[in-house]
Number of protein chains: 2
Amino acid sequence: MQKHLDIPPRVAILQHLFKIDACFCGDLVKEIGLAQPTISQHLKELKYLGLIKGTVEGTSVCYCIDTENWTEMKEIMSEFLGQDLLPKDECC
Amino acid sequence: MQKHLDIPPRVAILQHLFKIDACFCGDLVKEIGLAQPTISQHLKELKYLGLIKGTVEGTSVCYCIDTENWTEMKEIMSEFLGQDLLPKDECC
DNA sequence: AATATTAATCGTAATATTGCAATGAATTAA
DNA sequence: TTAATTCATTGCAATATTACGATTAATATT
């Protein structure tokens, strides 16, 4: 099988955007070890999902976390992760 | 684009195992609208990930959430989801 | 205007995922 | 032992995802 060994690009992008603490541009290409078109695609996806925002600044584009949507996503995830069983239910 | 419209099978399986509150078997086939081999594959994946456990009971198999690993996974996820930006960082 | 820089888009190849029909293995019921 | 039930496995088709080279678009610099 063997999966999830290295951190997925999209997660890496988000984490880096968090680490940079503010906006950021396509140095992600250097940061993460993928070609420029590939990173661009991932950024497009993340933007489509609403998790990041991007604004053109001259020739480059500044990306950052969309904190509102990030929070909303977190709530949805928490709802799923929050469900719990009673301790005794370990029946298997 | 158009994605994530219906709930992914593996999520549906987990949710149902939670809802049932205790163990469960392959009625998941009826519950979720997929063929038996398909469900079986998904259960195998979930077991491989460690999120569920399965014990043979006669001719059928009883599956349930592996609460320990589920908790561990939750912590990993929380670490990722927990990261936050300062409010002012909305620069885009 | 000509060139350089940065990022998006297009086309395509490689790979992964998903789902199912057919079959097999194990257990139970007759 | 034979049939029935339940689940796992196999093989395969359809589709989705991921990544990249080549190109284009837009702005900046000279």
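Sequence lines set the chain letters: A, B, ... in the order given, protein chains first and strands last, and positions in each chain run from 1. Every value quoted in this text rests on a predicted model; they were computed, and no experiment measured them.
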In whole Å, I'd like the distance from the [atom1] atom of [X] to the [atom2] atom of [N].
X     : N      : atom1 : atom2 : result
B:I32 : C:dT18 : CD1   : P     : 14 Å
B:Y48 : C:dT17 : OH    : C1'   : 15 Å
A:I52 : C:dA7  : CD1   : C1'   : 13 Å
B:D6  : D:dA16 : CG    : C1'   : 14 Å
A:K30 : C:dT6  : NZ    : P     : 7 Å
A:E45 : D:dT17 : CD    : C1'   : 10 Å
A:L46 : C:dA7  : CG    : P     : 16 Å

For the pair B:F80 and A:F18, evaluate side chain to side chain contact (heavy atoms under 4.5 Å, CB included) and give the outcome as yes or no after the intermediate values.
CA-CA 10 Å; B:F80 174 66; A:F18 269 114; 5.7 Å; no
Identify the two heavy atoms, one from A:Q36 and one from A:V29, that lie closest to each other, and give their separation to 0.1 Å.
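Of all heavy-atom pairs spanning A:Q36 and A:V29, the closest is CA-CG2, 3.9 Å.
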Of the non-hydrogen atoms in B:G82 and A:K74, which two are nearest, and what is the gap between them?
O-NZ, 4.3 Å
Complement of C:dA29, any strand, by Watson-Crick or G-U distances under 3.5 angstrom
D:dT2
In this structure, CG of B:L43 is separated from NZ of B:K53 (nearest 0.5 Å) by 15.0 Å
Would you compute the distance between atom CG of B:L28 and atom CG of B:L34 and round it to the nearest 0.5 angstrom?
10.5 Å
Side-chain touch A:I32/A:H16, heavy atoms, less than 4.5 angstrom
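Side chain of A:I32 against side chain of A:H16, heavy atoms only: no contact under 4.5 Å found.
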All N/O pairs under 3.5 Å across the protein-nucleotides 8-13 of chain D interface:
| from | atom 1 | to | atom 2 | distance (Å) |
| --- | --- | --- | --- | --- |
| D:dA8 | OP1 | B:Y63 | OH | 2.4 |
| D:dA8 | OP2 | B:S40 | OG | 2.8 |
| D:dA8 | N7 | B:Q36 | NE2 | 2.7 |
| D:dA8 | N6 | B:Q36 | OE1 | 2.9 |

Can you figure out which of D:dT18, D:dT27, D:dA19 approaches the side chain of A:T59 most closely?
D:dT27
Specify the residue among A:A35 and A:V56 whose closest nucleotide of DNA chain D lies further upstream toward the 5′ end.
A:A35
Do any side-chain nitrogens or oxygens of A:H42 fall under 4.0 Å of OP1 or OP2 in D:dA19?
yes
I want to check one thing: is the phosphate of C:dT18, taken as OP1 and OP2, less than 4.0 Å away from some side-chain N or O of B:R10?
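The answer is yes; a side-chain N or O of B:R10 sits under 4.0 Å from OP1 or OP2.
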Test side chain to side chain contact (heavy atoms under 4.5 Å, CB included) on B:Y48 and B:E45; report intermediate values, then the result.
CA-CA 5 Å; B:Y48 167 69; B:E45 273 305 310; 4.1 Å; yes
